[in-house]
Amino acid sequence: MVRILLKFSEKIVEQPITSQIILDLKVPINIITAHIDSKGGEILADVPEESMEKVVKAFRSKGATVSIPKLVEVDNEKCVSCGACVALCPVEAITLAEDFSIVFNKEKCVGSICSTCVDACPARAIKSAKQNHAELTNE
Ligand code: SF4
Ligand code: SF4
């Protein structure tokens with residue numbers, strides 16, 4: 001699966017774009033988080049790698065912007081095992097191993113729309129990292 005960030009402007013946010021694309025393309029799009037109000041919306045979703053190109057094209061044709069969200073990278077060398085990131089992560093994407101090293105689960109992390117751990121780390125051991133995906137152009 002590839003994680004993508006969809007943004008909908010005020011003009012199109014009330015349209016059922018995501019459900020229509022799921023039905024039209026018959027692609028299972030897994031919605032991780034969604035923040036939508038009358039001013040616009042943002043959806044973080046996982047899309048099967050083999051369907052990425054057509055999904056991105058479909059969202060863009062309906063006026064949504066599509067990008068690859070930044071995830072985070074943890075540098076265990078810098079980590080002082082304070083546990084702040086573990087306590088603050090809203091989705092339990094970071095845990096402490098028995099040896100007090102950090103275990104990061106990128107499948108759970110919601111990335112740049114959160115970044116709580118990046119701001120909280122006193123040792124600057126966590127940073128945002130851009131994800132690359134060859135088929136996603138015109139970000
Ligand atoms: S960016 Fe947010 S979701 Fe991801 S590991 Fe950090 S606190 Fe957890
Ligand atoms: S906040 Fe930073 S120093 Fe503290 S446990 Fe997490 S990565 Fe390590």
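Counting starts at 1 for both ligands and their atoms, in listed order.
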For residues Ile43 and Thr18, determine if any side-chain heavy atom of one lies less than 4.5 Å from a side-chain heavy atom of the other.
yes

Protein heavy-atom partner closest to atom 1 (S) of ligand 1 - residue, atom, separation in Å:
Ser115 N, 3.4 Å

Test: Lys7 and Glu42 ion pair at under 4.0 Å:
yes

Short side-chain to backbone donor-acceptor contact, Arg3 and Lys70, under 3.5 Å
no

Enumerate the atoms of ligand 1 whose separation from the nearest heavy atom of Cys89 is less than 4.0 angstrom.
3 (S), 5 (S), 7 (S), 8 (Fe)

Does Leu44 reach the side chain of Ile31, with side-chain heavy atoms less than 4.5 Å apart?
no

Test item, Val110 contacting ligand 1 (heavy atom, 4.0 angstrom):
yes

Among non-hydrogen protein atoms, atom 4 (Fe) of ligand 2 lies closest to Cys82 SG, 2.3 Å

Main-chain N/O of Phe100 paired to Ser81 side chain as donor or acceptor, under 3.5 Å:
yes

Region of Val86 that comes within reach of ligand 2 [heavy atoms, distance under 4.0 Å]:
neither

Under 4.0 Å from any heavy atom of Ile126, which atoms of ligand 2 are there?
7 (S)

Residue pair Asp46 / Ile29, side-chain heavy-atom distance below 4.5 Å
no

How far is atom 6 (Fe) of ligand 2 from its nearest protein heavy atom, and which residue and atom name does that atom have?
Cys85 SG, 2.2 Å

Taking only non-hydrogen atoms of Gly83 and a 4.0 Å limit, the atoms of ligand 2 in range are 4 (Fe), 5 (S)

Hey, does Asn30 have a side-chain heavy atom less than 4.5 Å from the side chain of Met1?
yes

Residue Cys117, metal atom 2 (Fe) of ligand 1, N/O/S under 2.8 Å:
no

Ranked by distance from atom 8 (Fe) of ligand 2, the top protein heavy atom is Cys79 SG, 2.4 Å

Could you find the nearest protein heavy atom to atom 2 (Fe) of ligand 2 and give me its residue, atom name and distance?
Cys121 SG, 2.3 Å

I need the minimum non-hydrogen distance between Gly111 and Leu71, along with the two atoms involved.
CA-CD2, 3.8 Å

Any chance you could lay out the side chain to side chain contact (heavy atoms under 4.5 Å, CB included) test for Phe104 and Thr95, step after step, and finish with the verdict?
CA-CA 7 Å; Phe104 172 57; Thr95 49; over 6 Å; no

Using heavy-atom distances, let me know which of Ile94, Asn105, Val91, Leu71 sits nearest atom 5 (S) of ligand 1.
Ile94

Heavy-atom contacts with Val80 under 4.0 Å: which atoms of ligand 2 show up? List them by number with element.
3 (S), 8 (Fe)

Specify side chain, backbone, both or neither for Ile102, according to which of its non-hydrogen atoms lie closer than 4.0 Å to ligand 2.
side chain

